[in-house]
Asker: 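Pasting a structure below so you can have a look.
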Amino acid sequence: MTKIIHVKTREEMSAIAAKMIKEQINAKPDSVLGLATGSTPELTYAELCSMCERGEVDFSKVKTVNLDEYVGLDETNDQSYRYYMNSHLFDKVNIKPENTHLPCGTADNADAACDEYSELLEKIGTRDIQLLGIGKNGHIGFCEPDTELEARTSVVALTDSTLKANSRFFESVDAMPKKAMTMGMAQIFDAKQIILIAYGKEKVDIVTRALTGKITTNIPASLLQLHMNVTAIIADE
Ligand code: GLP
């Protein structure tokens, strides 16, 4: 069942998501968190950093697994998701670097690296919380709309819609990787609780279709309606 929390601002959305994550860690210090990137979770991470600085939350036993990574970008590239996570969260809280995981975008053999990531997810076990954003086309992680969706971590070709949306972070669409590695749908679902966050007019239509419309692989986020514990925090602006 999906619980939908409607708020006005991105700040309110982020404060609620950060509080839920903080409470999870305080209840279980060795929690496993599934984390997302993109502009949507930035303030949630900033809030968690402030909470950690104030001593309200302790990341020393927390483990994290991220949803995805661009193929070809390493951690020194400021558009890689490893760089994003280090700069928005990991470098600013007391998490152990060895407890943070993302698919390796620069592996010689990308398919083998995806299989390794799937093995890692199995070893780490069910996540306590999975944080998710949503793409304008309804993707979660980089699970793009299609007639069939991958269950496990795999290399995906990014759709034109995603290339266009995410090119805002790069110099041009040409400068953007055209492929990414992403957790598969079964792996995204392997979380006790899922928190979906989204803000702004641009996302209203897709969020409404995903959360209340028909369930279809053409909107991967619509499958979240089948998960037992989803909280969607949606902000108007
Ligand atoms: C990216 C990420 C997703 C993210 C989405 C939305 O491509 N792979 O995990 O949820 O796009 O991004 P944004 O939050 O910038 O709108």
Side-chain angles (χ1 to χ4, degrees), residues 9-11 13-14 17-18 21 33-47 64-73 77-85 87-89 101-105 114 117 121 127 129-146 149-150 153-170 173 175-185 187-189 191 194-211 219-224 230-237:
T9 66
R10 184 185 178 191
E11 285 74 16
M13 173 199 84
S14 309
I21 295 170
L33 306 178
L35 299 178
T37 49
S39 53
T40 310
E42 280 176 10
L43 287 184
T44 301
Y45 295 144
E47 187 74 22
T64 67
V65 284
N66 262 75
L67 288 165
D68 46 16
E69 179 60 281
Y70 287 113
V71 168
L73 302 192
N77 186 309
D78 63 5
Q79 291 312 322
S80 73
Y81 285 164
R82 167 54 82 176
Y83 186 99
Y84 172 107
M85 289 310 304
S87 55
H88 286 285
L89 186 68
H101 307 279
L102 285 91
C104 177
C114 288
Y117 202 67
L121 293 175
R127 270 145 278 145
I129 284 184
Q130 174 66 57
L131 183 65
L132 289 179
I134 180 170
K136 278 190 206 157
N137 61 1
H139 73 224
I140 48 179
F142 269 130
C143 294
E144 295 279 39
D146 210 335
L149 302 176
E150 294 287 348
T153 305
S154 65
V155 177
V156 294
L158 301 176
T159 59
D160 288 343
S161 155
T162 299
L163 288 171
K164 199 169 156 230
N166 288 12
S167 65
R168 71 188 194 276
F169 298 113
F170 294 82
V173 180
M176 235 194 111
K178 307 293 182 289
K179 286 181 180 172
M181 296 170 173
T182 183
M183 264 190 213
M185 291 298 290
Q187 294 168 331
I188 292 175
F189 267 57
I194 294 179
I195 302 174
L196 176 81
I197 51 176
Y199 70 89
K201 290 193 186 70
E202 280 186 330
K203 298 272 175 84
V204 173
D205 181 49
I206 194 64
V207 165
T208 309
R209 286 165 67 201
L211 298 180
I219 303 176
S222 69
L223 273 86
L224 292 172
V230 178
T231 302
I233 312 167
I234 311 301
D236 296 336
E237 54 195 51

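The chain is numbered in sequence order, starting from 1. Indexing begins at 1, ligand by ligand and atom by atom, following the structure's order.
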Asker: Can we say Asp205 and Arg209 salt-bridge, meaning some charged N sits less than 4.0 Å from an Asp/Glu carboxylate O?
Answerer: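 So Asp205 pairs with Arg209 through a salt bridge.
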Asker: Quick one: sort the His88 and Tyr84 rings into parallel, tilted or perpendicular, breaks at 30° and 60°.
Answerer: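 Because their plane-to-plane angle lies in the 30° to 60° range, the rings of His88 and Tyr84 count as tilted.
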Asker: Measure from every N or O atom of ligand 1 to the protein's N or O atoms and keep only the pairs below 3.5 Å, writing each with atom names and distance to 0.1 Å.
Answerer:
residue: ligand 1; atom: 7 (O); partner: His139; partner atom: NE2; Å: 3.3
residue: ligand 1; atom: 7 (O); partner: Asn166; partner atom: ND2; Å: 2.8
residue: ligand 1; atom: 8 (N); partner: Asp68; partner atom: OD2; Å: 2.8
residue: ligand 1; atom: 8 (N); partner: Gly141; partner atom: O; Å: 3.0
residue: ligand 1; atom: 10 (O); partner: Ile134; partner atom: N; Å: 3.4
residue: ligand 1; atom: 11 (O); partner: His139; partner atom: NE2; Å: 3.2
residue: ligand 1; atom: 14 (O); partner: Ser39; partner atom: N; Å: 3.3
residue: ligand 1; atom: 14 (O); partner: Thr40; partner atom: N; Å: 3.0
residue: ligand 1; atom: 14 (O); partner: Thr40; partner atom: OG1; Å: 2.4
residue: ligand 1; atom: 15 (O); partner: Ser39; partner atom: N; Å: 2.9
residue: ligand 1; atom: 15 (O); partner: Ser39; partner atom: OG; Å: 2.8
residue: ligand 1; atom: 15 (O); partner: Arg168; partner atom: NH2; Å: 2.8
residue: ligand 1; atom: 16 (O); partner: Lys203; partner atom: NZ; Å: 2.7

Asker: My understanding is that only residues two or more places apart in sequence, or in another chain, count here; which of them pass salt bridge (Lys or Arg N to Asp or Glu O under 4.0 Å) with Glu237?
Answerer: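 Counting only residues at least two positions away or on another chain, Glu237 forms no salt bridge (Lys or Arg N to Asp or Glu O under 4.0 Å).
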Asker: Distance alone, cut at 3.5 Å: any donor-acceptor contact between the side chains of Asn66 and Thr37?
Answerer: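 Checked: Asn66/Thr37 side chains show no N/O donor-acceptor pair below 3.5 Å.
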Asker: Measuring from Glu69:CD to Tyr81:OH, what's the distance to the nearest 0.5 Å?
Answerer: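 Rounded to the nearest 0.5 Å, the CD-OH separation comes to 8.0 Å.
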Asker: If the plane angle is over 60° it's perpendicular, under 30° parallel, otherwise tilted; pick one for Phe170 and Tyr70.
Answerer: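 Perpendicular, since the angle between the ring planes exceeds 60°.
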